[in-house]
Amino acid sequence: MIFNHVQIKIKDLKASKDFYDRVMSALGYDQVLDIPDVVIGYGTSVHDMFEIRQADEDAPLSHAVHISFNADTAKSVDDFYRIALENGARCNGKPGLRPEYEDGYYAAFILDPDGHNIEAVYADRLITK
């Protein structure tokens, strides 16, 4: 773990919560923090999480963010991608091997409701897909 937490500011907390509840679940991450109407956190604990925060005057909307989440399996990457698209995300890179990054790097990229580039990656040198 390199981060305690990472936070992005989003336009609509309720809509993003509904989206991320489904997408993060596909990767095996649960909600670990809920400050009503302000912040939702997903991860393994409050010291290992990804947060979405309602943008406001004191917390301006985040722009041009790329965040990559670890997945336990290639199937988790596929599920992440499928569920994200079913819930309003746009494709930014279909699931597949990306040998230009490293051998066995299997990833998918989506644009979330605020246009953030969100990636799920399973890196295993034994993948033959």
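Please read all numbers here as calculations on a predicted model, not as lab measurements. Basis for what follows: all heavy atoms, side chains included, without hydrogens, waters or symmetry-related copies.
Counting heavy atoms from C-beta outward, His116 and Ile10 have side chains that approach closer than 4.5 Å. Taking 4.5 Å as the limit, every side-chain heavy atom of Glu100 sits out of range of all side-chain heavy atoms of Tyr105. Taking 4.5 Å as the limit, some side-chain heavy atom of Ile118 sits within range of a side-chain heavy atom of Phe80. For the pair Tyr81 and Glu119, the minimum side-chain heavy-atom distance is 4.5 Å or more. By the 4.5 Å heavy-atom criterion applied to side chains, Ile40 and Tyr20 are not counted as neighbours. A heavy-atom distance below 4.5 Å is found between the side chains of Ile67 and Ile8.
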Please tabulate, for the side chains in residues 52-61, all donor-acceptor contacts under 3.5 angstrom to protein atoms that are two or more places apart in sequence or on a different chain.
unit_1 : atom_1 : unit_2 : atom_2 : d
Gln54  : OE1    : Leu13  : N      : 2.8
Gln54  : NE2    : Lys11  : O      : 2.7
Asp56  : OD1    : Asp58  : N      : 2.9
Asp56  : OD1    : Ala59  : N      : 2.8

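Taken from CD1 in Ile110 to CZ in Arg82, the straight-line distance is 13.5 Å, to the nearest 0.5 Å. In this structure, His5 NE2 and Leu33 CG are separated by 9.0 Å, a value rounded to the nearest 0.5 Å. Interatomic distance, CG of Asp34 versus CD of Glu51, reported as 11.5 Å (0.5 Å rounding).
When every heavy atom of Val32 is checked against every heavy atom of Ser45, the shortest pair comes out as CG2-O, 3.6 Å. Here the shortest heavy-atom pairing between Tyr106 and Leu97 reads CD1-N, 3.7 Å. Tyr122 and Ala71 get closest at one heavy-atom pair: CD1-O, 3.3 Å. Val77 and Ala107 get closest at one heavy-atom pair: CG1-C, 3.8 Å. Here the closest heavy-atom approach between residue Leu111 and residue Asn117 is recorded as CD2-CA, 3.8 Å.
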With side chain to side chain contact (heavy atoms under 4.5 Å, CB included) as the criterion, how do Met49 and Tyr42 come out once you've worked through the C-alpha distance, each side chain's angles and the decisive distance to 0.1 Å? CA-CA 5 Å; Met49 71 176 161; Tyr42 301 90; 5.9 Å; no
Step-by-step side chain to side chain contact (heavy atoms under 4.5 Å, CB included) determination, Asp112 to Phe19: CA-CA 8 Å; Asp112 80 356; Phe19 177 81; 3.8 Å; yes
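No salt bridge links Lys75 with Asp78; every basic N to acidic carboxylate O contact stays at or beyond 4.0 Å.
A distance of 6.0 Å or more separates the ring centres of Tyr29 and Phe50.
When only modelled atom types and interatomic distance are considered, Asp12 and Ser16 share no side-chain donor-acceptor pair under 3.5 Å.
Note on residues 19-31: pairs passing salt bridge (Lys or Arg N to Asp or Glu O under 4.0 Å), not counting sequence neighbours, are Lys17-Asp21.
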